[in-house]
Amino acid sequence: MEFVEHVLVLLHLLGMAAIIGSAVFVARGKVTPALVWGARAQLVTGLLLVGVVEAGDEPVNHAKIGVKLLVAVAVAACAEIAAAKERKGQGSRPQLVQVAGWLAVLNAAVAVLWTSAS
């Protein structure tokens, strides 16, 4: 089970890298497939990680998980809306792409800096 958790963490980090790399550094506000798939990967792997931790003996901070889930849904929404607008020919939405990137940074900060137990 520990190996599965490590693989999920790796995939989770790659999703975050895809979001931040696409939104903030590479595309400078343009929608990329990596942005959209990274946001999707973050949601799925995050939920799977919570399930793995819940199945084990480690305590889960449900408030922290709730905040991270809310931010992850906002990231995915920004990415999906920007991609849909671009597909429909309604122009690029650089603000949504940049917001998705910065929200991913916020989510990483919450993961690292929120250290209270229980």
Closest heavy-atom pair and its distance - I20, A104 =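 Smallest heavy-atom distance, with atoms named: CG1-CB, 3.8 Å.
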Heavy-atom pair of closest approach, residues A39 and A76 |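 Distance-wise, the nearest heavy atoms are CB-CA, 3.8 Å.
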Strictly distance-based, threshold 3.5 Å: is any side-chain N or O of [X] a donor or acceptor partner for the main-chain N or O of [Y]?
X    : Y    : result
K85  : Q90  : no
K64  : A111 : yes
N107 : V71  : no

Should side-chain heavy atoms under 4.5 Å link Ile, Leu, Val, Met, Phe, Trp and Tyr, which residues sit in the same cluster as V73?
->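 In the cluster with V73 are L43, L47, L69.
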Which residue pairs satisfy the salt bridge (Lys or Arg N to Asp or Glu O under 4.0 Å) criterion with at least one member in residues 47-60, sequence neighbours excluded?
->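 Qualifying pairs: none.
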Name all pairs fulfilling the salt bridge (Lys or Arg N to Asp or Glu O under 4.0 Å) condition that reach into residues 75-84, sequence neighbours left out, sorted by first residue then second.
->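 Qualifying pairs: R40-E80.
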Report yes if some heavy atom in the side chain of I19 is under 4.5 Å from a heavy atom in the side chain of V75; otherwise report no.
->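 In contact.
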Side-chain heavy atoms of W114 within contact of V67, under 4.5 Å =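 Side chain of W114 against side chain of V67, heavy atoms only: contact under 4.5 Å found.
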Reported SG-to-CD distance for the pair C78 and Q95, which is rounded to 0.5 angstrom |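 C78 atom SG to Q95 atom CD measures 10.5 Å (nearest 0.5 Å).
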Atom pair CG (L14) and CD (Q42), whose distance is rounded to the nearest 0.5 Å |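 Those atoms lie 9.5 Å apart.
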Please answer: with hydrophobic residues joined when any side-chain heavy atoms are less than 4.5 Å apart, are [X] and [Y] in the same cluster?
X   : Y    : result
L96 : V31  : no
V9  : W37  : no
V53 : I65  : yes
V36 : L103 : yes

Who are the side-chain contact (heavy atoms from CB on, under 4.5 Å) partners of V44, not counting sequence neighbours?
->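 Applying side-chain contact (heavy atoms from CB on, under 4.5 Å) to V44 gives L48.
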Of all residues at least two apart in sequence or in a different chain, which pass the side-chain contact (heavy atoms from CB on, under 4.5 Å) check with A34?
->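 Partners of A34 by the side-chain contact (heavy atoms from CB on, under 4.5 Å) criterion, ordered by chain and then number, come out as A18, S22, T32.
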Per-pair distances, 0.1 Å, donor-acceptor, side chain in residues 1-8, under 3.5 Å, sequence neighbours excluded:
| residue | atom | partner | partner atom | Å |
| --- | --- | --- | --- | --- |
| E2 | OE2 | H6 | NE2 | 3.3 |

